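In what follows, a single structure is set out as structure tokens and then discussed.
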Amino acid sequence: MARPDLKLYVPHSLLPRAILIVIVPLIALQMIVAFVFVQRHFEGVTRQMTRNIARELAVAQQVIDTSPSTAIAQLRLINLSEPLAIQLTLTPGDAVENVHLRRWIDLSGRALITEMEALLGTSLAIDLVANDREVDARLLTEKGILRAVIPRSRVTASNPHQLLVLMAVASTVLSIIAIAFLRNQMRPILQLAEASDAFGKGRSVPFRPAGADEVRRAGSAFLAMRTRIERAIEQRTLMLSGVSHDLRTPLTRMKLTLAMADDLPEATAMAGDVDDMEKMLNGFLAFARGDGQEEIAEVDLVELVEDIATQARRAGINIETQCYNDTRQDPVMPLRVDAVRRAVQNLITNAGRYGNQVRVCLRFTRRSAFFTVEDDGPGIPEDRYEEVMRPFTRLDEARNQDKGGGVGLGLAIAQDIARSHGGALELGESEILGGLKCTLRIPR
Ligand SMILES: Nc1ncnc2c1ncn2[C@@H]1O[C@H](COP(=O)(O)OP(=O)(O)OP(=O)(O)O)[C@@H](O)[C@H]1O
Ligand SMILES: [Mg+2]
């Protein structure tokens, strides 16, 4: 038999779980205490008290039965009523219907009725409903029906509901206090989760460790990690752009010299090399700018995709677009628009370079946005997906030569931009066009 999966019934977030941990034992304790108290103590006391009263009624019954006449029985009853403090009357009649009236909530009433019946037999009617504070009992005797009205306080211990109500009120107050404390303890954990989530998506939100020691430690560790990563990124950017920038000056000088030495046969070849180097440097700079200082802003993704496609068409690429929205909201989300535009453009440039037909598809879901670029080119063998995404990697030079120059940074930049938004770049084979399919995922 399959084991029932408890996880389905347990709440997912921390606060409801903690509340459950506090409240379940509280309710269990209440139920045990209530049960033991009502069952053992309260019913026990009621039984003892009822037994005594029932004996007194049995005496009254015997007094009536042993009286020579009804009139004498009436007289004797009056004499008995006083010391017993029970209102006793004798009315004519020769049958008592065995009915017991009690409210369902009247827990001690049940014990009272069983105990009375055990001692006085079944020719007995008991009414606990007509008056809350009295027990109205009718009992068959030889000379008629004996009616006894007994104050309820003489048969039942004082109200048991008081204790239950008290316990319910006390535990409600306790729960409210516990929940208030728990919420306070939970807040720093939530803040830490939000800060890490934002950082994963490339945003740095203000965060200060707070709360219990353990949470504070996690918060400080996160802050130290964030600072280290930010510094590393900054260094990389600085280094790359510094090197590229510094190399540009001598390159420009070389170009000038070559332009003047026009008549040398080697000059044309060298000019081509210099052009290549310049292109590489521009690639370096673009890579370094990957997670540049661009601000995050709300962007309409459909507009963005259409805009990129229009530009690509102008560059002579045969491109078609398609947009799917799986949510009911507008496809708007916060991102670094120039960076994402560059990433998608890189994918489209590749597709246009290696294929003739290009398809760009946007899918907007509750959690992420997916940009898919497909083409009808030769594609990439599956075992080289990782390799081509590394910087400066180009697949077989022979294939690339006539396709125009590249430095092998396009995919690396796209992947870098996806990662800095907390997403990823995935390669695959296009089912529709047969070439490469690149999927850029950006979480919301
Ligand atoms: N759509 C594609 N179809 C087939 N091969 C591709 C496709 N896109 C990329 N590749 C292969 O992956 C390699 C790496 O691509 P990447 O975009 O990183 O560099 P590049 O296009 O050669 O140069 P850059 O983009 O820097 O100008 C390419 O050289 C090419 O061999
Ligand atoms: Mg490229």
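Being a predicted model, the structure only gives us computed values, none of them experimental. Here, residue 1 is the first one in the sequence, and each next residue gets the next number. In listed order, ligands and their atoms are each counted from 1.
- For G408, the heavy-atom gap to ligand 1 drops under 4.0 angstrom.
- Residues R390 and E386 are not paired through a salt bridge, judged by the lack of any N-O separation under 4.0 Å between the basic side chain and the carboxylate.
- Between I380 and ligand 1, no N or O atom pair is found at a separation short of 3.5 Å.
- Annotation: L411 places an N or O atom under 3.5 Å from an N or O atom of ligand 1; distance criterion only.
- Look at G379 and you'll find a heavy atom under 4.0 Å from some atom of ligand 1.
- In terms of polar-atom proximity, T393 is not counted as a contact of ligand 1, lacking any N or O under 3.5 Å from an N or O of the ligand.
- For the pair L395 and ligand 1, the shortest N or O to N or O distance falls below 3.5 Å.
- For the pair L347/F371, no side-chain contact is recorded, criterion being any heavy-atom separation below 4.5 Å from C-beta on.
- Looking at L409 next to ligand 1, an N or O pair under 3.5 Å apart turns up.
- Salt bridge annotation for R366-D326: absent, with no cationic side-chain nitrogen under 4.0 angstrom from a carboxylate oxygen.
- For the pair L182 and L15, the minimum side-chain heavy-atom distance is below 4.5 Å.
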The test is side chain to side chain contact (heavy atoms under 4.5 Å, CB included); show your working for N98 and E117 and say whether it passes. CA-CA 10 Å; N98 187 22; E117 254 188 357; 3.4 Å; yes
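- With contacts defined as side-chain heavy-atom distances shorter than 4.5 Å, the pair T372/R363 does not qualify.
- Relative to atom 1 (N) of ligand 1, the option among D376, N282, D375 with the closest non-hydrogen atom is D375.
- The Mg ion (ligand 2) lies at 2.8 Å or more from every N, O or S atom belonging to N346.
- The proximity of M389 to ligand 1, defined as any non-hydrogen pair under 4.0 Å, does not occur for either the backbone or the side chain.
- Of all the listed residues (V373, I348, N350, V388), N350 holds the heavy atom that lies closest to atom 9 (C) of ligand 1.
- The pair D197-K201 counts as a salt bridge, with a side-chain nitrogen and a carboxylate oxygen less than 4.0 angstrom apart.
- Inter-residue side-chain proximity for F364 and V302 is flagged as unmet; no heavy-atom pair is nearer than 4.5 Å.
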